[in-house]
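All remarks here apply to the structure that follows.
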Amino acid sequence: MADARATAQPGLTNMPRAAALGVTLFLAACASGPRIVPEAERPVPTARPTPVAPRPIQPGLPQDVQRHRIALLVPLSGPNAGVGRSLQNATQLAVLDTKSDALRITTYDTAAPGGAAAAAAQAISDGNRLILGPLLAEEAREVAPIARRARVPVLSFSNDAGVAGNGTYILGYVPAQSIERVVNYAKRSGITEFAGLIPSGLYGERASTAFLRSVEDAGGKVNALETYDGRPGSVATAVAKIGRSPFQAVLVAGSADGAVVAAPLIRRQASGKAARLLGTELWNTDSAIGGRTALSGAWFASVPDNYYRQYATKYRARFGAAPYRLSTLGYDAVLLTVRIVRDWKPGDEFPERRLVEREGFAGLDGAFRFGRDGVAERALEVQEIRGGTAATVSPAPPNFNAN
C-alpha cells in the first residue's frame with residue numbers, strides 16, 4: 001500500500017489506498033443430542049487437499065499488469081501547491097481528452113516530508129516506469145540520481161538546462177531559446193544595436209550569456225548590459241547606466257512586472273525614446289500581458305497561444321478555476337507518453353530512445369523535441385503587445401521540418 005504521499009488522480013484509475021476486508025459470519029446450529037450415524041451413511045474418506053500458500057503481500061501500490069505505471073511528482077502542499085494542482089489537473093484532462101485507458105498516473109507530493117527525493121524513491125518502489133516532474137530545478141537534481149539508478153527517465157517541468165542529461169529531460173521553457181528568437185526577429189527588422197537589463201541570479205546569468213551570444217550570432221552589437229535586483233532604485237540605476245550608450249532595442253529579461261517598472265524609465269533616456277522593448281518567455285506567464293500599456297509595441301518570444309485558449313476554457317469548465325500557464329507542460333507530457341505507448345509493453349522499461357526522435361512531438365504549446373542534451377527545443381512565435389492584446393507578428397513553424 002502506498003504511503004500518504006501517493007495519491008491516485010480521480011478519473012484516471014480505480015486504485016484504492018487500502019483494500020477493504022469483507023467479513024462473513026458462519027452460524028452453526030446445535031443438535032438436541034448425539035446421533036449415531038450408521039456406517040452406510042458415513043461419508044467416504046477422501047484425500048485432504050494440499051494447502052495453498054497465501055500470496056505474499058507486496059509493498060507499494062497494487063500491481064497493474066494491463067496499464068503503464070507513471071508517476072507525477074509535483075507539490076500538493078506548501079507555497080507552490082497551486083501550480084502542482086494545476087499540473088495534476090492538466091494530466092487528468094489529457095488522459096480524458098485522449099481517451100487513453102493504457103496509463104495509470106499516480107501523484108506524489110514533493111512538498112511532503114522527505115521532499116522530492118523521498119517522493120521519487122516511493123514512486124520507483126511502487127513500480128512506476130516514467131516520472132513526470134518535478135517542478136523545480138533543485139528538486140530535479142535530487143530526483144535525477146535516484147531515477148537513473150532505477151533506469152526510470154524523468155521529464156521535469158523545470159526550465160533550468162543545467163539539470164538536463166543522463167536520463168533527465170527538461171520540458172520547461174528555456175530562456176536562451178526565447179531570447180535567440182526575439183533577437184533574430186529584431187535583427188531581421190533592422191535593429192543592430194542592443195542593450196540589456198538582466199535580473200540578478202542564476203536565471204539572469206544564463207539569460208545574459210544567451211543574449212550576448214544571440215546578438216553576436218545575428219550580426220548585431222550589445223552596447224550596454226546591466227543587472228538589477230529587488231532593492232528599491234535598482235532598476236532606475238541600471239536604466240540610467242544603459243542610457244549612456246546608444247541602442248535601438250533593449251531586452252528586459254525579467255518578468256513582465258519588472259518590464260513595466262523599467263519601461264517609463266527607458267523612455268526618458270535619449271536612446272530609449274524610440275527603442276523597441278524586448279522580452280522573454282516569462283512575459284507569457286502573465287495572463288494580462290496584452291493590457292500592459294507601458295509595454296505597448298514591445299516584442300517577446302513565446303510558445304504559441306493558439307491551443308492554450310481552448311485548453312483554458314475547457315480546464316475552467318471542468319475544475320472551476322483558471323489554469324496556471326505552465327500547466328500545459330503536464331498536458332503535453334501525457335500526449336507524448338500516449339504517442340509512445342504503442343511501442344511500450346506494460347511493466348517494461350520506458351523506451352527512452354523514442355524521446356530523442358528528430359521529428360519531435362506536437363502539443364498545446366506547439367512543436368517540440370528533445371536534443372541529445374535532454375533540453376526541449378521549441379518552435380516559438382514572436383508576439384507584439386498592442387491595443388490591449390498580444391498579437392502574433394511572427395508565427396511559430398508548425399513542425400521542425402518547416403524550419
Side-chain angles (χ1 to χ4, degrees), residues 173-199 204 206-228 235 238-256 258-284 289-290 292-305 366 377-398 400 402-403:
Y173 318 128
V174 179
Q177 295 178 23
S178 66
I179 291 172
E180 180 182 15
R181 179 73 166 92
V182 76
V183 164
N184 285 340
Y185 180 75
K187 180 62 169 57
R188 290 197 303 270
S189 302
I191 293 173
T192 57
E193 294 186 303
F194 296 81
L197 289 174
I198 311 295
R206 290 186 173 157
S208 176
T209 300
F211 181 49
L212 291 170
R213 182 182 297 117
S214 297
V215 172
E216 181 180 1
D217 290 347
K221 183 179 179 182
V222 177
N223 291 332
L225 185 67
E226 296 293 335
T227 60
Y228 64 92
V235 173
V239 171
K241 289 180 179 179
I242 68 169
R244 300 167 188 165
S245 304
F247 55 84
Q248 298 166 285
V250 54
L251 174 74
V252 185
S255 66
V260 168
V261 173
L265 302 174
I266 293 171
R267 297 300 180 211
R268 294 173 194 165
Q269 305 296 318
S271 295
K273 294 185 185 301
R276 183 78 65 169
L277 297 184
L278 308 178
T280 72
E281 84 294 340
L282 290 180
W283 290 19
N284 201 35
I289 187 69
R292 303 276 198 162
T293 56
L295 302 180
S296 181
W299 293 332
F300 67 97
S302 170
V303 293
D305 280 334
E377 175 190 355
R378 295 187 173 275
L380 303 179
E381 68 179 19
V382 177
Q383 300 180 31
E384 179 179 325
I385 300 172
R386 63 186 182 201
T389 188
T392 301
V393 292
S394 179
F400 291 100
N403 284 342

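For the numbers below, each heavy atom of this structure counts, side chains included, while hydrogens, waters and symmetry mates do not.
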Contact check, side chains of [X] and [Y], non-hydrogen atoms, under 4.5 Å:
X	Y	result
Val239	Leu197	yes
Val183	Ile191	no
Leu277	Val250	yes
Ser271	Glu193	no

Enclosure of Arg213 CZ (heavy-atom neighbours >12, cutoff 6.0 Å): no

Is a donor on one side and an acceptor on the other found under 3.5 Å between the side chain of [X] and the backbone of [Y]?
X	Y	answer
Gln248	Thr192	yes
Thr389	Ala391	no
Arg276	Gly297	yes
Arg267	Gly272	yes
Ser296	Thr293	no

Looking at [atom1] of [X] and [atom2] of [Y], how far apart are the two atoms once the value is rounded to the nearest 0.5 Å?
X	Y	atom1	atom2	answer
Arg268	Lys273	CZ	NZ	10.0 Å
Ile242	Tyr228	CD1	OH	11.0 Å
Thr280	Leu251	OG1	CG	7.0 Å
Ser214	Gln177	OG	CD	10.5 Å
Leu225	Ile198	CG	CD1	5.0 Å

Side chain to side chain contact (heavy atoms under 4.5 Å, CB included) between Gln383 and Asp305, intermediate numbers included: CA-CA 10 Å; Gln383 300 180 31; Asp305 280 334; 3.4 Å; yes

Stepwise side chain to side chain contact (heavy atoms under 4.5 Å, CB included) test for Ile179 and Leu278: CA-CA 9 Å; Ile179 291 172; Leu278 308 178; over 6 Å; no

To check you understand the geometry: which heavy-atom pair defines the closest contact between [X] and [Y], and what is its length?
X	Y	value
Pro397	Ala379	O-CB, 3.5 Å
Arg292	Val260	NH1-CG2, 3.6 Å
Ala259	Trp283	CB-CZ2, 3.4 Å
Lys187	Ala218	CE-O, 3.1 Å
Arg181	Leu380	NE-O, 2.8 Å
Glu226	Ala238	CG-O, 3.8 Å

Chi angles and distances behind the side chain to side chain contact (heavy atoms under 4.5 Å, CB included) call for Leu295, Phe300: CA-CA 10 Å; Leu295 302 180; Phe300 67 97; over 6 Å; no

Parallel, tilted or perpendicular, as decided by the 30° and 60° cut-offs, for the rings of Trp299 and Tyr185: perpendicular

Donor on one side chain, acceptor on other, Asn284 and Ser302, under 3.5 Å: yes

